[in-house]
Amino acid sequence: MFAQTFRAVGASVLVITGGIGVFLAYQSVPTLRHYGLGFFTTRDWNPGSDVIGIAAVLVSTVVIALVALVIAFPLALATALYITEYAPPRLRATLVAGVDLMAAIPSIVYGLWGFFLVMPHAAELSVFLQRTFKPLLVHGLARDLIVTVLVVALIAGLAMRYLARVRSRWSLLPFGIAALALLALAPLLTVVDADPNAPVLDMTRYTRSAFIAGVVVSMMVMPMACSVIRQVFSQTPPGEKEAALALGATKWGMIRTVVLPFGKGGIIGGTMLALGRALGETMAVVMIVSPEFVIKGRILEIGAQSVASLIASEFGEATGIQLSALLAAGFVLFVITLAVNTVAAMVVNRSRSGAETG
Amino acid sequence: MSTTFEPASSATAGSTPKTATYLPSPEDAPSPTPRTNLGQLPLEDRFLTWGARFAAIAIAWVITQQLMPWHGLGWFLVVAALANVVVLAVGTSVTGSNVAVSDRVAQWLFSTAAVIVFVALGSVIVYVLKQGWPVLHHLNFFTHDMTGVGTQDPLDKGGILHAIIGSLIELAIASAIALPLGIGTAVFMNEIGGRFAKVVRTVVEAMTALPDILAGLFIYTVWILALGFPRSGLAAGLAITVMMLPIIARASDVVLRVVPGSLREASLALGASRWSTVWNVVLPTAKSGLATALILAIARGIGETAPVLITSGNATFVHVDPTSGVMNSLPLYIFTAARSGIEVQIQRAFGAAAVLLVLVLVLFSTARYLARPPSNKPSPLRRLRALTRSVARRRTASSTPVEELS
């Protein structure tokens, strides 16, 4: 009787939460049958002319999430290290509470903050970036050459490390070359379809961009990554830390040789959790970006759209085929975030059990 | 004891042999050599730390105000931070090795990142409260709804009463469903277990990080599309339930896991049924943890915008019947008002956001207060009482010599 009752409760919760995936999958069948694979390769969203696809939206979602991660990851890692290793013990509890509070602030509040406070400053930063990096742009043949070098170096590096199992220092050389190539290509991201030296700047070209959405989303996902990383760091065996210090290591030396290797799983897992959250972030993106269905690398330029914000902003007027297409997009988002979160949870759990202490 | 005894013995021992016991007093101890304080940096390092800070501010002032056309506080801070690390590195390399330099630079890096994070947190809270403050002055903001209020009407007309009531109703529905189900699931995962419980736990854990918009989509497809109910407060409440359920279940699971097994065994050994054990022993032991789980879930649910946006519709008047008719809520109100592009409405949005933020802050601090580790320190009330007592005692103690003097 006791067991049955609670088993029933557990089963009902399983049905409710697991039902999300099942229902979304069921609802997206007609759309996927209607558009086939074209649903994933079409860039436009024109319900009027029956052209619907999520290629551009998917790319934009990933771009916004990556921008968010590039900002959030170093901040989360460094803040976690500061809290566990550097902060005065009396302050520690307060700092932890602060990070948790940051995770509890509603996304709509971050949206307001991002739109009215961050956006003007971020737009100015965009103008500055474009002005500064415009002379460093590579064009034409040079760009193709660098891209080729990048791809070749990456493939060679991966092959050396994981196929030929070269473990020497030299096997890192191709990755270094690839990083240099990436650095040379980085100014391409700062292209905006506007003249930064015009007498009257067209600031609207620099607002409502994927970059700004990424900046705001980064502040929302940072605390999540930070708290996971901090928890794993705080489980570092004190004996190993003291051993490193007793051998004469500086604090940074101790962190590099003990804390970071021990917390590797937590760092990866926490970052992936943050990625999952960034992919599904809705309100901040809706408030900031100006909807646009184009695949582009010009992240500083106005216009982007993520899957979640597409659903939120188009849902009001959607009927018939567009509604079912939105449900299908929701299902795709569900599958992506579920995959990312599950892998992250596996990585974190494995690191917590101490299997990766080596 | 000994001090009162000693003079008595020495007074009577004018003629006793010199073997009398001599008790060393603290004053007789040789003055201790000053101990090195290991918790503090040596003087030269402290000098370097502060010197680098002053030098950085000076350098930043010279660069941003005199040399380069980079005006504004932002540039000043960026340049000052970079100058700080450069001075630190150069200063350390004068006396220390490369290892010491990298240690200093690493410390600078981590503390700067922490400062950035907490400045961002502070700016969110301060900015929203500051922008919302002019609106919060008006009492009607809390006691009126937006019925018949034009889009351009000033702030002394209309308010967010309908949004507050809507939020409360939706949260009440969500908590009423999610709390028993969530705790029941946690009990199931902990007290019964088995392979099925493992499946439930995996799914629940995966669902905690679900994008909020999908919860809204789910309720929309099931409740509104498949079952044919209209958009209403109840639908929004259900959507929030779907968001809160995994959070409560997972947090309660963690709490119940640390209830000592010996308590359970003692209860069962005394002949209590499993029902009674769970109801009278396990749940009361985990009471404060469960309350924390609920409050954190409510704090999350109260700010959920995306699911509500899809499922509740949007009303401008107080509506208390959740089963029919559209209903507004705080996050939804903020969203629609902020998107309107009208100055007064945006101000109202900030006012509502300030209310929401204060609610979240209150919920969050309550949760932290309930979840604080049991400390040996006496409670603030008892400490206050002890303080007044000691003050009173000191006053009576000090009053005697005063009387003697006078």
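Remember, predicted model here, so these are calculated numbers, not experimental data. Atoms considered below: every heavy atom in the structure, side chains included; atoms not considered: hydrogens, waters and symmetry mates. Below, chain A is the first sequence line, B the second, and so on; all start at residue 1.
In this structure, CZ in B:Phe364 is found 5.0 Å from CG in A:Leu101, a value given to the nearest 0.5 Å. In this structure, OG1 in B:Thr202 is found 9.5 Å from CG in A:Leu14, a value given to the nearest 0.5 Å. Note that OH of B:Tyr220 and CD1 of A:Ile311 are 12.5 Å apart. Values are rounded to the nearest 0.5 Å. Atom CD1 of residue B:Ile219 and atom CD1 of residue A:Ile20 lie 8.0 Å apart, to the nearest 0.5 angstrom. Atom CZ of B:Arg104 is separated from atom OG1 of A:Thr250 by 11.5 Å, given to the nearest 0.5 angstrom. Rounding to the nearest 0.5 Å places CG of B:Leu225 at 6.5 Å from CG of A:Leu327.
Using a 4.5 Å cut-off between heavy atoms, A:Leu95 contacts chain B through both its backbone and its side chain. At a 4.5 Å heavy-atom cutoff, the contact between A:Tyr86 and chain B is made by side-chain atoms alone. Using a 4.5 Å cut-off between heavy atoms, B:Val128 touches chain A through its side chain atoms alone. For chain A, no part of B:Gln131 is nearby; none of its heavy atoms comes within less than 4.5 Å. Contacts between A:Leu338 and chain B at a heavy-atom distance below 4.5 Å involve the side chain alone, from C-beta outward. Contacts of B:Ile116 with chain A are made by side-chain atoms alone, with heavy-atom separations under 4.5 Å and no backbone atom involved. When heavy atoms are compared at a cutoff of 4.5 Å, B:Ile125 approaches chain A solely by way of its side chain, counted from C-beta outward. For B:Ile346, the part lying near chain A is the side chain, with the backbone staying farther off; criterion is any non-hydrogen pair under 4.5 Å. Looking at A:Leu81, only its side chain comes within 4.5 Å of chain B, counting heavy atoms on both sides. Using a 4.5 Å cut-off between heavy atoms, A:Val118 does not touch chain B at all. With a 4.5 Å cut-off on non-hydrogen atoms, A:Val99 touches chain B through its backbone and its side chain both. At a 4.5 Å heavy-atom cutoff, the contact between B:Arg368 and chain A is made by side-chain atoms alone. For A:Leu24, the part lying near chain B is the side chain, with the backbone staying farther off; criterion is any non-hydrogen pair under 4.5 Å. Contact of B:Val200 with chain A is made through backbone and side chain together, with heavy-atom distances under 4.5 Å. The contact between A:Ala11 and chain B is made by backbone and side chain atoms together, counting heavy-atom distances below 4.5 Å.
Chosen from A:Ala249, A:Ala103, A:Ala80, A:Gly280, the residue pairing most often with chain B at heavy-atom distances under 4.5 Å is A:Gly280. Counting heavy-atom pairs closer than 4.5 Å to chain B, the top residue among A:Val109, A:Leu326, A:Leu112 is A:Leu112. Looking only at heavy-atom pairs under 4.5 Å with chain B, the residue among A:Pro106, A:Gly276, A:Ser309 that has the most is A:Pro106. The choice from B:Pro211, B:Gly303, B:Gly194 that makes the most heavy-atom pairs within less than 4.5 Å of chain A is B:Pro211. Here B:Val124 is the residue among B:Leu309, B:Val360, B:Val124 with the most heavy-atom pairs under 4.5 Å with chain A. The residue among A:Leu273, A:Ile83, A:Leu279, A:Asp100 with the most heavy atom pairs within less than 4.5 Å of chain B is A:Asp100. Contact count versus chain A (heavy atoms, under 4.5 Å) is highest, among B:Thr241, B:Leu330, B:Val222, B:Val115, for B:Val222. Counting heavy-atom pairs closer than 4.5 Å to chain B, the top-ranked of the candidates A:Ala97, A:Pro74, A:Gly111 is A:Ala97. With chain A as the partner, the residue from B:Ala249, B:Ala338, B:Ser111, B:Pro246 showing the most heavy-atom pairs under 4.5 Å is B:Ser111.
The shortest heavy-atom contact between B:Ser123 and A:Leu117 is OG-CD2, 4.3 Å. Scanning both residues, A:Ile105 and B:Leu121, for their nearest heavy atoms gives CD1-CD1, 3.9 Å. For A:Met102 against B:Ala120, the heavy-atom pair with the smallest separation is CE-CB, 4.4 Å. Nearest heavy-atom pair across A:Gly98 and B:Phe118 is CA-CE2, 4.0 Å. Nearest heavy-atom pair, B:Phe188 versus A:Gly10, reported as atom, atom and distance to 0.1 Å: CD2-CA, 3.9 Å. B:Arg339 approaches A:Met287 most closely through the heavy-atom pair NH1-CA, 4.3 Å.
Among residues two or more places apart in sequence or in another chain, the side-chain contact (heavy atoms from CB on, under 4.5 Å) test is passed with A:Pro88 by A:Tyr82, A:Leu91. Residues forming a ring pair (Phe, Tyr, Trp, His ring centres under 6.0 Å) with B:Phe350 (at least two apart in sequence, or on another chain): A:Phe116, B:Tyr127.
For residues 215-226 of chain A, heavy-atom neighbours of chain B at less than 4.5 Å comprise A:Met219, A:Met222, sorted by residue number.
For residues 3-31 of chain A, the set of pairs meeting the side chain to side chain donor-acceptor pair (under 3.5 Å) definition, not counting sequence neighbours, comprises A:Thr31-A:Ser324.
Note on ring orientation: taking the six-membered ring where Trp is involved, the planes of A:Phe128 and B:Trp75 are perpendicular (angle over 60°, cut-offs 30° and 60°). Taking the six-membered ring for Trp and thresholds of 30 and 60 degrees, B:Trp275 and A:Phe6 have ring planes inclined between 30 and 60 degrees apart.
The shortest distance between side-chain heavy atoms of A:Ile108 and B:Leu356 falls below 4.5 Å. Contact of the B:Leu210 side chain with the A:Phe334 side chain is registered, since non-hydrogen atoms from C-beta on lie closer than 4.5 Å. Looking at A:Val286 and B:Phe335, their side chains come closer than 4.5 Å, going by heavy atoms from C-beta outward. Side-chain contact between A:Val13 and B:Val204 is present, with heavy atoms from C-beta onward closer than 4.5 Å. For the pair A:Phe2/B:Ile192, a side-chain contact is recorded, criterion being any heavy-atom separation below 4.5 Å from C-beta on.
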### Query
When you look at A:Phe315 and B:Leu217, which way does the side-chain contact (heavy atoms from CB on, under 4.5 Å) test go after all the steps?
CA-CA 10 Å; A:Phe315 211 81; B:Leu217 269 191; 3.3 Å; yes

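Counting non-hydrogen atoms of other residues, nucleotides and ligands closer than 6.0 Å to CZ of A:Phe23 gives a total of 12 or fewer.
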